[in-house]
Amino acid sequence: VQLQAFGGGQAQAGGSLRLSCAASGRSFGRYAMAWFRRAPGKDREFVAAITKRSELREYADAVKGRFTISRDNAKNSVYLQMNSLTPEDTAVYFCAAGPRTSDSRTYYYAEAVYGYWGQGTQVTVSS
């Protein structure tokens, strides 16, 4: 599966952005999907994940209550609604797809779970 993320840009602190990730192929519904981000000078980190039929959604503590992950399998797309943005959310955001699932929520935090990655979209939040 090929992934393309878009929707990044600039926002003021307290503002909102919505990221989208479009997937190619007809097997999108078989993949767990996730968003990761890499801030300047830092390693890439987990942001949010959603299972194949949206039965489980998991969030990093840093974004819990502010970000919402969703998907539309009919449109081969996954979304990340980001509200109450802070300068600490400034990063390149990547979407990722993984073919396996687990009942363990922490399973989805690991990059190794995901075999397919998009190219990233820049989000910049100013104070």
Enquirer: Cation-pi between Arg37 and Phe94: NZ/CZ under 6.0 Å from ring centre and within 45° of the ring axis?
Expert: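 Verdict for Phe94: no cation-pi partner in Arg37.
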Enquirer: Is there a donor-acceptor contact under 3.5 Å from the side chain of Arg105 to the main chain of Arg57?
Expert: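 Side chain of Arg105 to backbone of Arg57: a pair is present.
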Enquirer: Would you please name every residue forming a side-chain contact (heavy atoms from CB on, under 4.5 Å) with Ser104, sequence neighbours left out?
Expert: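 For Ser104, the residues satisfying side-chain contact (heavy atoms from CB on, under 4.5 Å) (neighbours in sequence not counted) are Ser102, Thr106, Tyr107.
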Enquirer: Would you find a donor on one side and an acceptor on the other, under 3.5 Å apart, between the side chain of Arg53 and the backbone of Arg30?
Expert: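 It does not hold such a pair.
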Enquirer: Nearest heavy-atom pair of Pro87 and Ser126: which atoms, and what distance?
Expert: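 Reported closest heavy-atom pair: CG-C, 4.4 Å.
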Enquirer: Check whether any side-chain heavy atom of Arg18 sits under 4.5 Å from a side-chain heavy atom of Met82, and report yes or no.
Expert: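 Sidechains of Met82 and Arg18: no contact.
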Enquirer: Drop me the distance from Leu3's CG to Tyr31's OH, to the nearest 0.5 angstrom.
Expert: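 Atom-to-atom, Leu3:CG and Tyr31:OH are 9.0 Å apart.
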Enquirer: Against Phe46, only a single residue in Tyr59, Tyr93, Phe36 fulfils ring pair (Phe, Tyr, Trp, His ring centres under 6.0 Å); can you say which?
Expert: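 In the set Tyr59, Tyr93, Phe36, the residue that makes a ring pair (Phe, Tyr, Trp, His ring centres under 6.0 Å) with Phe46 is Phe36.
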Enquirer: Is it true that atom NZ of Lys64 has more than 12 heavy atoms of other residues, nucleotides or ligands lying nearer than 6.0 Å?
Expert: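 Yes, NZ of Lys64 has more than 12 neighbouring heavy atoms, counting only those of other groups under 6.0 Å.
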Enquirer: Under the 3.5 angstrom rule, does the side chain of Thr121 hit a backbone N or O of Phe6 as a donor-acceptor pair?
Expert: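 It does not hold such a pair.
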Enquirer: Flag the pair Leu80 / Phe67 as yes when at least one side-chain heavy-atom distance between them is below 4.5 Å, and no otherwise.
Expert: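 They are in contact (side-chain heavy atoms under 4.5 Å apart), so the answer is yes.
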Enquirer: Measure across Ala22 and Ser77 and return the closest heavy-atom pair with its distance rounded to 0.1 Å.
Expert: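 Result for this residue pair: CA-OG, 4.2 Å.
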Enquirer: Side chain of Asn73, backbone of Lys52: donor and acceptor closer than 3.5 Å?
Expert: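 Flag set: sc Asn73 to bb Lys52 pair under 3.5 Å.
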Enquirer: Atom CG in Asn76, atom CE in Met33: separation rounded to 0.5 Å?
Expert: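 It is 9.5 Å, given to the nearest 0.5 Å.
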Enquirer: Which heavy-atom pair separates Tyr108 from Ala49 by the least distance, and what is that distance?
Expert: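 Nearest heavy atoms, Tyr108 then Ala49: CB-CB, 3.7 Å.
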Enquirer: Is there a path from Tyr116 to Leu19 through hydrophobic residues (I, L, V, M, F, W, Y) whose side chains come within less than 4.5 Å of each other?
Expert: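 Cluster IDs for Tyr116 and Leu19 match.
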Enquirer: Spell out, as yes or no, whether a donor-acceptor pair under 3.5 Å connects the side chain of Thr90 to the backbone of Val125.
Expert: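 Side chain of Thr90 to backbone of Val125: a pair is present.
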Enquirer: Grab the two heavy atoms, one from Leu85 and one from Ala11, that are nearest each other, plus how far apart they are.
Expert: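 For Leu85 and Ala11, the tightest heavy-atom pair comes out as CD1-CB, 3.9 Å.
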Enquirer: Would you say the side chain of Glu111 lies within less than 4.5 Å of the side chain of Trp117, judging by non-hydrogen atoms?
Expert: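 Yes, at least one pair of side-chain atoms sits under 4.5 Å.
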Enquirer: Tell me if a side-chain donor or acceptor on Arg71 pairs with a main-chain N or O of Ser54 at a distance below 3.5 Å.
Expert: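 No, the answer is negative, given that no donor and acceptor are paired below the 3.5 Å cut-off.
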Enquirer: More than 12 heavy atoms of other residues, nucleotides or ligands under 6.0 Å from CD of Gln10: is that the case?
Expert: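 Result for CD/Gln10: open.
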Enquirer: What I want to find out is whether Arg38 reaches Glu45 closely enough, with some N-O distance under 4.0 Å, to be called a salt bridge.
Expert: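 Not counted as a salt bridge, because no side-chain N and carboxylate O are separated by less than 4.0 Å.
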Enquirer: Are Asn83 and Ser16 linked by a side-chain donor-acceptor pair shorter than 3.5 Å?
Expert: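 Result is yes, a qualifying pair exists.
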Enquirer: Which heavy-atom pair separates Asp89 from Arg66 by the least distance, and what is that distance?
Expert: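 That closest heavy-atom pairing would be OD2-NH1, 2.7 Å.
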Enquirer: Considering all heavy atoms of both residues, which atom of Tyr114 and which atom of Gly98 are nearest to each other, and what is their separation?
Expert: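 So the two residues come closest at CD2-N, 3.6 Å.
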Enquirer: Checking side-chain contact (heavy atoms from CB on, under 4.5 Å) for the pair Leu56/Ile50: CA distance, chi angles, key distance, verdict?
Expert: CA-CA 6 Å; Leu56 184 151; Ile50 188 167; over 6 Å; no
